[in-house]
Number of protein chains: 2
Amino acid sequence: MSSGGGRDERVNSLVRGLEVLKAFGRYHEPMTISEVATETGLTPASARRMLLTLTDLGYVELRGKRFRVGPKVLDLGYSYMSSMPIWQIVQPTVERISEKFSVSSSASVLDGCDIVYAVRANNRQASSVLVSTGTRQPAHVTSMGRVLLAFTEPERRETILSQIHFSAYTSHSVMDIDQLRLILEQVRGQNFSIVDEEMEFGLRAIAVPIRNKRGEVVAAINAAGSNRALDLDYLKNTVLPAMFEAANMIKANLPA
Amino acid sequence: MSSGGGRDERVNSLVRGLEVLKAFGRYHEPMTISEVATETGLTPASARRMLLTLTDLGYVELRGKRFRVGPKVLDLGYSYMSSMPIWQIVQPTVERISEKFSVSSSASVLDGCDIVYAVRANNRQASSVLVSTGTRQPAHVTSMGRVLLAFTEPERRETILSQIHFSAYTSHSVMDIDQLRLILEQVRGQNFSIVDEEMEFGLRAIAVPIRNKRGEVVAAINAAGSNRALDLDYLKNTVLPAMFEAANMIKANLPA
DNA sequence: GCCATTTTTTCGCTATGCGAATATTAATTC
DNA sequence: GAATTAATATTCGCATAGCGAAAAAATGGC
């Protein structure tokens, strides 16, 4: 981006301001000016200016001495949901799957090494994991992440793989990049993925890719629940066909 | 904000950049530089700089000649959800209500003249209205909006009321500020609201306030469905007590 | 190929936003 | 309550960041 002309085409004040907004997501609590300054590396005077600007615009609210984000920031995220017709189609679909199979059903996309949840319908008996639009989870230990990685362009995939930080979320978590490559190859072959207790004990999930009319994988959809309730045969023989069907229906309804 | 000192404490480049982000929510489609420039009033050179910055940061993606927001913008909205413990408590609650009564159940807050949805659990038989985190609806014709307005500080409420744009969403919509004031007074007295086909034909909803430990109303929770399925007696005698109970449970679980 | 439009690049310019320093206020310690 | 420390608000000199205009290059439509 700094190529050519020697002049920076990047608006640094915007970068700094967004950094302040981002800090609220990391900190999880209302913050004072000083805390924002510390969290962002800005001087107190700069942090204050950014905060006052964000407050003026309504994205941040001042309560006493502390700033916190207000509901208006949801507008920024909402633009993602409203600008892509796919989510309007997927939303009722995950609701149907959730109800039909008493599972938690979600759809997500890949962003960096994470999946980002876009829509979700939960059956409470299925899962007590708190997930909402925007929730991130590490792609490599989630069913949807596996699907999305498997069908990502090879070069891009290798870049992502090289950035993965392997952690033992459970004792079942994949910890090795070569093992993960094998898994993804398998996923590519079978066109679905199953993850069993790799991110969370007791949780089993199955995911399939959502393709657009050009055949490109644009999202993934899953069904998840406790492994006690979701027996593998049931998953493969009953749930999976319905999910392929759902993915095809979504594809059929996507604009060209 | 421009008070004192004669110097503007507002960072205009941040304002402009956020204006560009906001434009994507309005436009609902991928945009070219020129379209962004037109939509925001910036010059093409400025619009380009903002777009390149946002792209560099990952919030916007360039596809061919068009820019569109990427899933990373959901991080910005997510900071709202993650910084307030209330939504973690409310999420399973709305799921329970939705399942128990075969309704759509949501929670929202007031922002300007709108309610902004924070969490939702939908039963597809109940509602096919597409709502997700961040969805806005006019407060004055929604059950939750009525509750939130009723319990807003009087001065603030009058300011909001004076900004309401009365439209006939249906033939039942309230169209008069005095009538609305009467309704809100009633809501205050009974501590719940029912809205019947005021925003959407066939839709009936009931809402109660969620209070924090200090007794302040901080959100509203509702149950909604078709007026065919949700008979008024059932709503008042069966659903409403459960909602009061839910609101109390949420309050009990909120941090001090 | 021609023309209109859009995008990209360049660059002079100034006002924007910066950080340092100081004043004021608030919080903490004894 | 007084003294001290920390945080916030304000001021201001300054230089560079970001601007818009203009030109060059690229693209799209006929």
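Each chain gets a letter, A, B and so on, in the order the sequences are listed, and its residues count up from 1.
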*Asks:* Rounded to the nearest Å, what distance is computed from the CZ atom of residue B/Arg48 to the C1' atom of nucleotide D/dA24?
*Replies:* 13 Å

*Asks:* Pick the nucleotide of DNA chain D nearest each of A/Ser34 and A/Leu14; which residue has the one closer to the 5' end?
*Replies:* A/Ser34

*Asks:* Does a side-chain N or O from B/Ser46 land closer than 4.0 Å to OP1 or OP2 of D/dG20, or not?
*Replies:* yes

*Asks:* Whole Å only: how far is the CZ atom of B/Arg66 from the P atom of D/dG28?
*Replies:* 11 Å

*Asks:* Starting at CG of A/Leu52 and ending at P of D/dA7, how long is that distance when rounded to a whole Å?
*Replies:* 18 Å

*Asks:* When the distance from CG of A/Leu51 to P of C/dG17 is rounded to whole Å, what number comes out?
*Replies:* 15 Å

*Asks:* Give the rounded distance in Å between these two atoms: CG of A/Leu62 and P of D/dT8.
*Replies:* 10 Å

*Asks:* Round to the nearest Å and state the distance from A/Arg10 atom CZ to D/dC19 atom P.
*Replies:* 15 Å

*Asks:* Rounded to whole angstroms, how far apart are CZ on A/Arg49 and C1' on C/dG17?
*Replies:* 6 Å

*Asks:* Does D/dT8 have OP1 or OP2 sitting under 4.0 Å from an N or O in the side chain of A/Thr32?
*Replies:* yes

*Asks:* On DNA chain C, compare the nucleotides closest to A/Arg16 and A/Lys65; which residue's is nearer the 5' end?
*Replies:* A/Arg16

*Asks:* Quick check: on DNA chain D, is the nucleotide nearest A/Ser13 upstream (toward 5') of the one nearest A/Pro44, or the reverse? Name the residue that is more 5'.
*Replies:* A/Pro44

*Asks:* Choosing from D/dG18, D/dA21, D/dT10, which nucleotide comes nearest the side chain of B/Glu9?
*Replies:* D/dT10

*Asks:* Atom OG1 of B/Thr55 and atom CZ of B/Arg48: how far apart are they, to the nearest 0.5 Å?
*Replies:* 10.0 Å

*Asks:* In whole angstroms, how far is the P atom of D/dG28 from the CD1 atom of B/Ile33?
*Replies:* 13 Å

*Asks:* Would you compute the distance between atom CG of B/Leu110 and atom CZ of B/Arg157 and round it to the nearest 0.5 angstrom?
*Replies:* 11.0 Å

*Asks:* With distance as the sole test, does A/Glu35 use its side chain to make a donor-acceptor pair with the main-chain N or O of A/Thr32 at under 3.5 Å?
*Replies:* yes

*Asks:* Under 6.0 Å from the six-membered ring centre of A/Phe192 and within 45° of its axis: does the NZ or CZ of A/Arg146 meet both?
*Replies:* no

*Asks:* According to the interplanar angle, ranging from 0 to 90°, do the rings of A/Trp87 and A/Tyr80 count as parallel (below 30°), tilted (30 to 60°) or perpendicular (above 60°)?
*Replies:* tilted

*Asks:* Of the options C/dG17, C/dC18, C/dT7, whose atoms approach the side-chain atoms of B/Asn12 most closely?
*Replies:* C/dG17

